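Heads up: the structure comes next, in structure tokens.
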Amino acid sequence: MVKIQIIYTGGTIGMVHDEIGQLVPFDFDNIKKNVPELNRLDYHLDVISFNPLIDSSNMSPKDWKKIAELITTSYSDYDGFVILHGSDTMAYTASALAYMFENLSKPIVLTGSQLPIGEIRTDAKENLITALEIAASKNNDGTATVPEVCIYFDYHLFRGCRSTKMHADKFDAFKTPNYPILAEAGVDIKFNTDYIRTISKEALIAHTKFEGIIASLKLFPGISEKYMEAILSTPKIDAILIEGFGVGNTNTEQWFIELLKKATSNGLLIYDITQCGGGTVQLGRYETSKHLSEIGVISGMDITFEAAITKLMFLFGNYSDKVIIKQKLAENLRGEISN
Ligand code: ASP
């Protein structure tokens, strides 16, 4: 029998109405009793719950580490893992887990819902049932169909470290703007095998350290010199993630360039991504970004904001040499960038 471990962290998914109509946490320990449809899947399911359960807005690297440790401890006992998680920061956790696990050979599927599992129109049951089916799915040779960290939401399976929450209240809340979906669930689940990572035969390695003081700055026309100066001279920050215009462009006024130059020469790492909903940074394509490579700004290419922030924390947690951190930022570690 296929064995799946469910890690229930919290979020909207886990709420039901009690006898007097109040929303109370759903008892995932009795999951098969509460969602009888699961009995037909004939899987062995074990549930581990966070205590206390958390809204994902309160997730932190310490919780990512906790999830990773739960998975590592029981990795050889299960065929796959399903993480029930609030949707708000699900793309950050998915990105963090992707970096944490090197040589993954089993599925780690995050899911949640926009409406609690106890609501009549809930999207939770479909999300949960199909996430379990995906975590259990095997190729003919017995290997996992999706040996990567992914998000299943509203009939679509997404690569975790390419995902972003695009909508606050629609059921189809997630997208991977720069990467095809990994699967679509209709009558059958159609896997997009050409885009799914290949299985690793090496032993799993879990890197659970996330460190570094990271700042982020979204550029806008009219940004003031005083504000830029204040951010770039904040004591102790290790790196700043800049969301530039279009293909990574910035203002080219003298004061702006001078501030960036001063910051990089003082050792601040500047990582440039696009603030557009899709596409890639191309430093040097326009005059308004040529100066950035000269100053030593690193291109984030087509990485999402979530994958960029977690990549910085992951690299600062695992390497102390800034030259190596810069090299690794340009490398495609887990399928988070296209190169
Ligand atoms: N605020 C909730 C959370 O992210 C929303 C959700 O579960 O979708 O935990």
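Note that this is a predicted model, so its numbers are computed, not measured. In listed order, ligands and their atoms are each counted from 1.
- Residues in residues 267-278 take part in no side-chain hydrogen bond (donor to acceptor under 3.5 Å, both in side chains) pair, two or more places apart or across chains.
- Heavy-atom contacts from other residues, nucleotides or ligands closer than 6.0 Å to NZ of Lys262 number 12 or fewer.
- For a heavy-atom separation below 4.0 Å, the residues in contact with ligand 1 are Gly11, Thr12, Asp55, Ser56, Gly86, Ser87, Asp88, Ser113.
- Using cut-offs of 30° and 60° on the angle between ring planes, the pair Phe174 and Phe158 is tilted.
- Closest approach of Arg162 to Ile337, counting heavy atoms only: NH2-C, 2.9 Å.
- In this structure, Tyr227 and Phe220 have tilted ring planes: the angle between them lies in the 30° to 60° band.
- Counting non-hydrogen atoms of neighbouring residues, nucleotides and ligands closer than 6.0 angstrom, the CG atom of Asn140 reaches no more than 12 such neighbours.
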